[in-house]
Amino acid sequence: MKGFIKVQELSFKLQPIILFLLIPYICNTNKQIMTTKILIIGACGQIGTELTTKLRSIYGNDNVIASDIRKLNNDIVNNGIFEVINALDYNQIEHLIEQYQITDVYLMAALLSATAEKNPAFAWDLNMNSLFHVLNLAKAKKIKKIFWPSSIAVFGPTTPRENTPQYTIMEPTTVYGISKQTGERWCEYYHHQYGVDVRSVRYPGLISWTTEPGGGTTDYAVDIYHKALKNGSFECFLSEETKLPMMFMDDAIRATVEIMQVAPEALKIRSSYNLAGISFTPNEIVNEIKKHIPDFTVSYKPDFRQKIADSWPASIDDSCAREDWGWNHQFEMDSMTKVMLENLKK
Ligand code: NAD
């Protein structure tokens, strides 16, 4: 009994010491949550606009710094911290990181598939060197985490088109696809060699109503809603049976936030995860829109983007993302069409 009391007394006396020893750990955990400071590069684009709004709502306006080479008159610029920056200028990025004590960088600046084909050398320069700048800043321990988006454009005509697996033949034929595939290899390399915490998904074509798309091959699937409401007719630059993987923007933003919040051990893939939502043809989306606008008419006039689309998958197997970090899409073609038309009508 005496011995028991002594142990009790001892543990009572040790309590303040244990608490004292735990203080740095408790403070550090809280500090990590409190001190996530985000820099988004390319924040005025189709994805950046919605991503910035979402991240500001999660982490607070003062902890999310939006930046872009263009300063638009929009909510991103007017409702929070915004800086003009050139993603090709290492010193500018480094300066912003130091100024705002940035921990996480989301690199959204890039030349997209259709625009890149018109200026391959510049597309290569922008898409690769902006990535190297951010990877090297993480290697130098100036930032903790990177999000960098890849694309279904990493696949090519020799890739199995239906249910394209995570690991498969990858022979992209566009400069955009080549830059994304190379970027994936470098992300994985920096993770394995230097422990850089870089996270990535291969976005399919993204559909949103807030911002115009930025020059991709799947842009028709956004424009079609605008023209259906405005003109009641649409000329499509892809043929009516061209099936491509697509996703509603809300799902894409959620995927981006989720992969950045998951514990690092959960992520087995450090190149880029396949990500899927819905796959459809122009003909299928037309029929869905016709349920709301019965007189809607469409003509088809495929241009240079048809060749790009023909080299891409029709549907994607994203089971690795579903298994590793619990990814699940929510929007189908009917729910997406309803939201698109409702919001564009306003
Ligand atoms: P976007 O073209 O709409 O936006 C890119 C933004 O980057 C623009 O606001 C542009 O002004 C900015 N930018 C361009 N050059 C810059 C520079 N030198 N410095 C700073 N900012 C610069 O593109 P998005 O659709 O928002 O795509 C973002 C990322 O997601 C890209 O890497 C793209 O490849 C990838 N992605 C997009 C889609 C899609 O359907 N939108 C699909 C797959 C992958």
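The model shown is predicted, which means the values in this text are computed figures rather than measured ones. Because only heavy atoms are used, hydrogens play no part in the values below, and waters and symmetry mates are left out as well, while side chains stay in. Just so you know, ligand 1 is whichever comes first in the structure, and atom 1 is the first atom listed for that ligand.
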Looking only at protein heavy atoms, what sits closest to atom 28 (C) of ligand 1 is M108 O, 3.1 Å
Tightest non-hydrogen contact, residues A276 and R322, listed as O-NH2, 3.6 Å
Of all protein heavy atoms, the one nearest atom 21 (N) of ligand 1 is I69 N, 3.3 Å
Quick note on ligand 1: atoms under 4.0 Å from a heavy atom of A109 include exactly 7 (O), 13 (N), 16 (C), 21 (N), 22 (C)
The closest protein heavy-atom partner of atom 10 (C) of ligand 1 is D68 OD1, 3.4 Å
With sequence neighbours left out, the residues meeting salt bridge (charged side-chain N to carboxylate O under 4.0 Å, His left out) with K145 are none
Under 4.0 Å between heavy atoms, the region of S150 that gets near ligand 1 turns out to be backbone
(request) Compute the ring centroids of W312 and F155, then answer whether they are less than 6.0 Å apart. (result) no
**Item:** Polar contact flag for L112 and ligand 1 (N/O pairs, less than 3.5 Å)
**Value:** no
Answer with yes or no whether the side chains of K346 and N343 bring together a donor and an acceptor at under 3.5 Å. yes
A student checking ligand 1 against R70 at a 4.0 Å heavy-atom cut-off should list atoms 8 (C), 9 (O), 10 (C), 11 (O)
query = What orientation do W325 and Y273 show, parallel under 30°, tilted 30 to 60°, or perpendicular over 60°?
reply = perpendicular
Query raised in the report: Within 45° of the ring axis of Y100 and under 6.0 Å from its six-membered ring centre, is that where the NZ or CZ of K37 lies?
Result: no
Ligand 1 to G42, heavy atom cutoff 4.0 Å, flagged ligand atoms 6 (C), 7 (O), 12 (C)
task: Look at the rings of W186 and F132 and say which category their plane angle falls in: under 30° parallel, 30 to 60° tilted, over 60° perpendicular.
output: perpendicular
Exercise for the section: Using the six-membered ring of F237, assess whether NZ or CZ of R305 lies under 6.0 Å from its centre and within 45 degrees of the ring axis. Expected result: yes
Handout entry: Y176 heavy atom under 4.0 Å from ligand 1
Key = yes
Looking just at side-chain N and O atoms, do Y176 and T115 make a donor-acceptor pair shorter than 3.5 Å?
no
* Asked: Is there a donor-acceptor pair under 3.5 Å between the side chain of S208 and the backbone N or O of M249?
  -> no
Atom 18 (N) of ligand 1 has as its nearest protein heavy atom N86 OD1, 2.9 Å
**Report entry** Flag for S200-S272: side-chain donor and acceptor within less than 3.5 Å
**Finding:** yes
Greater than 12 external heavy atoms within 6.0 Å of E235's CD: yes
>> Looking only at distances, can you tell me whether any N or O atom of L206, backbone or side chain, sits closer than 3.5 Å to an N or O atom of ligand 1?
In response: yes
Per-atom filter on ligand 1: closer than 4.0 angstrom to a heavy atom of G214 are 2 (O), 3 (O)
Is the closest N or O pair between A87 and ligand 1 shorter than 3.5 Å?
yes
for atom 3 (O) of ligand 1, nearest protein heavy atom and its distance come out as Q46 N, 2.8 Å
Hey, is ligand 1 close enough to Y203 that some N/O pair sits below 3.5 Å? no
Report task. Return yes or no for this condition: an N or O of S151 is under 3.5 Å from an N or O of ligand 1. Result -> no
The closest protein heavy-atom partner of atom 20 (C) of ligand 1 is I85 O, 3.3 Å
May I ask whether S67 places a heavy atom under 4.0 Å from ligand 1? no
Ligand 1 atoms nearer than 4.0 angstrom to some heavy atom of L126 are 15 (N), 18 (N)
Any heavy atom of T211 under 4.0 Å from ligand 1? The part involved is neither
ask   = Is ligand 1 less than 4.0 angstrom away from at least one heavy atom of K180?
value = yes
With sequence neighbours left out, the residues meeting side chain to side chain contact (heavy atoms under 4.5 Å, CB included) with E323 are S319
Can T242 and Q306 be counted as having a side-chain donor-acceptor contact under 3.5 angstrom? yes
* Asked: For ligand 1, is there an atom lying under 4.0 Å from some heavy atom of P204?
  -> yes
Inset, instruction - Report yes if some N/O of I47 lies less than 3.5 Å from some N/O of ligand 1; otherwise report no. - result: yes
Among non-hydrogen protein atoms, atom 4 (O) of ligand 1 lies closest to G45 CA, 3.2 Å
